[in-house]
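One structure is given here, and the rest of the page talks about it.
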Amino acid sequence: QVQLVESGGGLVQPGGSLRLSCAASGNILSINAMGWHRQAPGKQRELVAVITSGGSTNLADSVKGRFTISRDNAKNTVYLQMNSLKREDTALYYCYADVLTGTLMRYTTWGQGTQVTVSL
């Protein structure tokens, strides 16, 4: 089994910045795509950002120019740098990874989520 652990969430004022991290551990042979979803109460889940093993990225229009996704393959870790945060960015952020295990099992696994709250 593969586990994902997110960190870096918290309370920040509008215009501020946060950096989320997500580290994968376990019997991992390789990881293809890694990324982030978010969900706020009363709203549908939104795909925020994705990055492939080759470094190709895709970000939601609502965060382009403000958020940056990156990864460190040696550490099996993905990051989300969030700048110029707005109140509407408030949500529970979930990390995911498409993994190939050492036993040649391929599946998507998810973290437990980390809360981001943007407020005065």
>> So, using side-chain hydrogen bond (donor to acceptor under 3.5 Å, both in side chains) as the criterion, who are the partners of Thr101 when residues are at least two apart?
In response: Thr103
> What are the two closest heavy atoms between Ala91 and Ala40, and how far apart are they?
Replying inline: CB-N, 4.0 Å
>> On a heavy-atom basis, which atom in Ser21 and which in Tyr79 lie closest, and how many Å separate them?
In response: OG-CD2, 3.3 Å
> Yes or no on side-chain contact (heavy atoms from CB on, under 4.5 Å) for Val99 and Met105, after CA distance, side-chain angles and deciding distance?
Replying inline: CA-CA 8 Å; Val99 305; Met105 300 289 183; over 6 Å; no
>> Does anything in residues 63-73 form a salt bridge (Lys or Arg N to Asp or Glu O under 4.0 Å)? List the pairs, not counting sequence neighbours.
In response: Asp61-Lys64, Arg66-Asp89
>> So, using salt bridge (Lys or Arg N to Asp or Glu O under 4.0 Å) as the criterion, who are the partners of Lys75 when residues are at least two apart?
In response: none
>> As an exercise, state the distance from OH of Tyr107 to CG of Asp98, rounded to the nearest 0.5 Å.
In response: 11.5 Å
>> For residues 11-60, which residue pairs pass the ring pair (Phe, Tyr, Trp, His ring centres under 6.0 Å) check, not counting sequence neighbours?
In response: His37-Tyr96, His37-Trp110
> Of all residues at least two apart in sequence or in a different chain, which pass the side-chain contact (heavy atoms from CB on, under 4.5 Å) check with Ile28?
Replying inline: Val2, Ala24, Ile31, Asn76
> Tell me, which pairs form a side chain to side chain donor-acceptor pair (under 3.5 Å) where one or both residues lie in residues 6-18, sequence neighbours left out?
Replying inline: Glu6-Gln112, Ser17-Asn83
>> Applying side-chain contact (heavy atoms from CB on, under 4.5 Å), can you list everything that pairs with Thr57, at least two apart in sequence or on another chain?
In response: Ile51, Leu59, Ile69
> What pairs meet the disulfide bond (SG atoms under 2.5 Å apart) rule with one or both residues in residues 69-120, with sequence neighbours excluded?
Replying inline: Cys22-Cys95
>> Under 4.5 Å between side-chain heavy atoms, counting indirect links through other Ile/Leu/Val/Met/Phe/Trp/Tyr residues: same cluster for Val50 and Leu92 or not?
In response: yes
> Going from OG1 on Thr52 to CE on Met34, what distance comes out if it is rounded to the nearest 0.5 angstrom?
Replying inline: 12.0 Å
>> Suppose we screen for side-chain contact (heavy atoms from CB on, under 4.5 Å). Which residues come up paired with Leu104, at least two apart in sequence or across chains?
In response: Leu29
> Going by the ring pair (Phe, Tyr, Trp, His ring centres under 6.0 Å) test, which pairs reach into residues 8-27, not counting sequence neighbours?
Replying inline: none
>> Suppose the criterion is side chain to side chain donor-acceptor pair (under 3.5 Å): which pairs have a residue in residues 41-51, not counting sequence neighbours?
In response: Arg38-Glu46, Glu46-Ser62
> Residues in side-chain contact (heavy atoms from CB on, under 4.5 Å) with Val12, at least two apart?
Replying inline: Leu18, Leu85, Val118
> Where is the tightest heavy-atom contact between Ala49 and Leu80, given as atom of each residue plus distance?
Replying inline: CB-CD1, 4.1 Å
> Same cluster or not: are Val63 and Tyr93 linked, directly or through other Ile, Leu, Val, Met, Phe, Trp or Tyr residues, by side-chain heavy atoms under 4.5 angstrom apart?
Replying inline: yes
> Around Arg106, counting heavy atoms of other residues, nucleotides and ligands shown, do more than 12 lie under 6.0 Å from its CZ?
Replying inline: no
